[in-house]
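See structure below.
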Protein chains: 2
Amino acid sequence: MSREMEEVRDHFIQGISRITHFWGFPKAMGALYGAIYLSPEPLSLDEMVSLVGVSKGAVSTNIRNLERLGVVHKKIKVGDRKDYYIAETDFWKIVKGVLREREKNEFDLALRSVGESLDMVKEIETAGTVSEETLFYQQRITELKSFFDSLDNLVATLIALDDLRSGVIKNIFKKQK
Amino acid sequence: MSREMEEVRDHFIQGISRITHFWGFPKAMGALYGAIYLSPEPLSLDEMVSLVGVSKGAVSTNIRNLERLGVVHKKIKVGDRKDYYIAETDFWKIVKGVLREREKNEFDLALRSVGESLDMVKEIETAGTVSEETLFYQQRITELKSFFDSLDNLVATLIALDDLRSGVIKNIFKKQK
DNA sequence: TAGAACGTTTAGTTTGAACTAAACAAAGTA
DNA sequence: TACTTTGTTTAGTTCAAACTAAACGTTCTA
């Protein structure tokens, strides 16, 4: 590969790297995706090490996370013990995968936490102590909880759509344009 | 305030804290919003210090960012040199504010970075070197760029909507339910 | 003018996530 | 069996972001 092409590749990888980091993922994760995305052939772990310039361990853990999110796919060759990876090129699908993961993990927990707070207030009230203060708390927490519920449903809906691209999102986009 | 109510408040604050941290903001930022959101009265800087338990400096910088995002609002009282803050309670508006900020800052930069990569490939090609490799690069990078453009437009559209709540998002939500 | 009451800024510290190096496990091959 | 080739795990390190403590600037009051 020519020096110019390598420059393009590195510039691109660095760009993707920054984006993923901005959205709260390790920089190496984005770099890996970038490298795989720009490779016509499936990449092995060692190839990624030399392309991205991080350690074997880092590639191993990051590539596993990428696959869990559905951002890359393992591609095994017969008679070859190496694992090869190719990039998912349907970006809306990738978005869905990421949303699904975030939904499952922490969002849920947040929702529960707010729900618990609400339960605590209600318990205080049923114990007899109803004041302006408890009512205010209950109202505010209820409002936030209902917002989270809406968000939760919205994300669940998006995830459930068969094809996000030709689905709702694109329609909004078109209409508004 | 009763001990039980303080427990509720702290539990709630901790929950909000976790959410904001998960989405890439400082934990103290969420804690501050939680404290203000649960206060019937506007809060001063010193009150926030004692409620949230971080230093004055941290409150100062975090509250400024919250205000910049439109998540809280400054409320000055006449004949009182303190700054007081109240919470924005329209959560969709908050989402818009955050999206607007992210849009402005880093997303733009990401878009530009990918665009630059594309320009670089094209330049190589106009210099005479057209190969399977350059074509592959061009195709891949173009596809990603077009995705980013769509996203960019989508977010811009959402931001531009007067009232997100009664707007598109809610419609999607209703339809799908 | 001095001093108090604010919010801001800065220099230094803390913290936790992500990384490296290296040991390890598994599975094939001579 | 011993050795190679692969991916994984672990113990320790690095580094950037967020924090603290304290100095600072400003504005009001006596």
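Note that these values count all heavy atoms, side chains included, but never hydrogens, waters or copies made by symmetry. Numbered from 1 within each chain, the chains take letters A, B, ... in sequence-line order. Because the structure is predicted, anything quoted here is derived from the model rather than measured.
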### Distance below 4.0 Å between R81(A) side-chain N/O and dA25(C) OP1 or OP2
no
Whichever of K82(A) and R64(A) has the more 5' nearest nucleotide on DNA chain D, that residue is K82(A)
Margin query: Taking the six-membered ring for Trp, are Y137(B) and Y37(A) closer than 6.0 Å centroid to centroid?
Written below: no
Using 30° and 60° as the class limits, which term best fits the ring planes of F147(A) and W92(B): parallel, tilted or perpendicular?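 F147(A) vs W92(B) ring planes: perpendicular.
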- Message: Take a 6.0 Å sphere around CG of L109(A) and say whether it holds more than 12 heavy atoms from other residues, nucleotides or ligands.
- Response: yes
Next item on the list: May I ask you to check whether over 12 heavy atoms, not counting those of E123(B), lie within 6.0 Å of atom CD?
Entry: no
Could you list the protein-to-nucleotides 16-19 of chain C atom pairs, N/O on both sides, closer than 3.5 Å?
residue: dC19(C); atom: OP1; partner: A28(A); partner atom: N; Å: 3.3
residue: dC19(C); atom: OP2; partner: N62(A); partner atom: ND2; Å: 3.2

Between NZ of K56(A) and P of dA23(C) the distance, given in whole Å, is 12 Å
*In whole angstrom, what separates K77(B)'s NZ from dC6(C)'s C1'?*
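K77(B) atom NZ is separated from dC6(C) atom C1' by 15 Å.
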Distance-only donor-acceptor check, side chains S44(A) and E47(A), under 3.5 Å:
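Yes, because at least one side-chain N or O of S44(A) sits under 3.5 Å from a partner of the opposite role on E47(A).
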Handout entry: chain B contact limits on DNA chain D, taken 5' to 3' with a cut-off of 4.0 angstrom to heavy atoms
Key =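 That gives a stretch of dA18(D) to dC28(D).
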Q. For H73(A) and E67(A), what are the C-alpha separation, side-chain angles and deciding distance, and is it a side-chain hydrogen bond (donor to acceptor under 3.5 Å, both in side chains)?
A. CA-CA 6 Å; H73(A) 303 287; E67(A) 213 205 355; 5.9 Å; no
* Asked: Distance under 6.0 Å and angle within 45° of the ring axis: does K75(B) meet both against Y85(B)?
  -> no
(message) Quick check on the hydrophobic clustering: are Y84(A) and V52(A) connected, directly or via other members, by side-chain heavy-atom contacts under 4.5 Å?
(response)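 Hydrophobic grouping puts Y84(A) apart from V52(A).
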5'-most contact on DNA chain C (nearest-nucleotide basis), G57(B) vs D46(B), goes to D46(B)
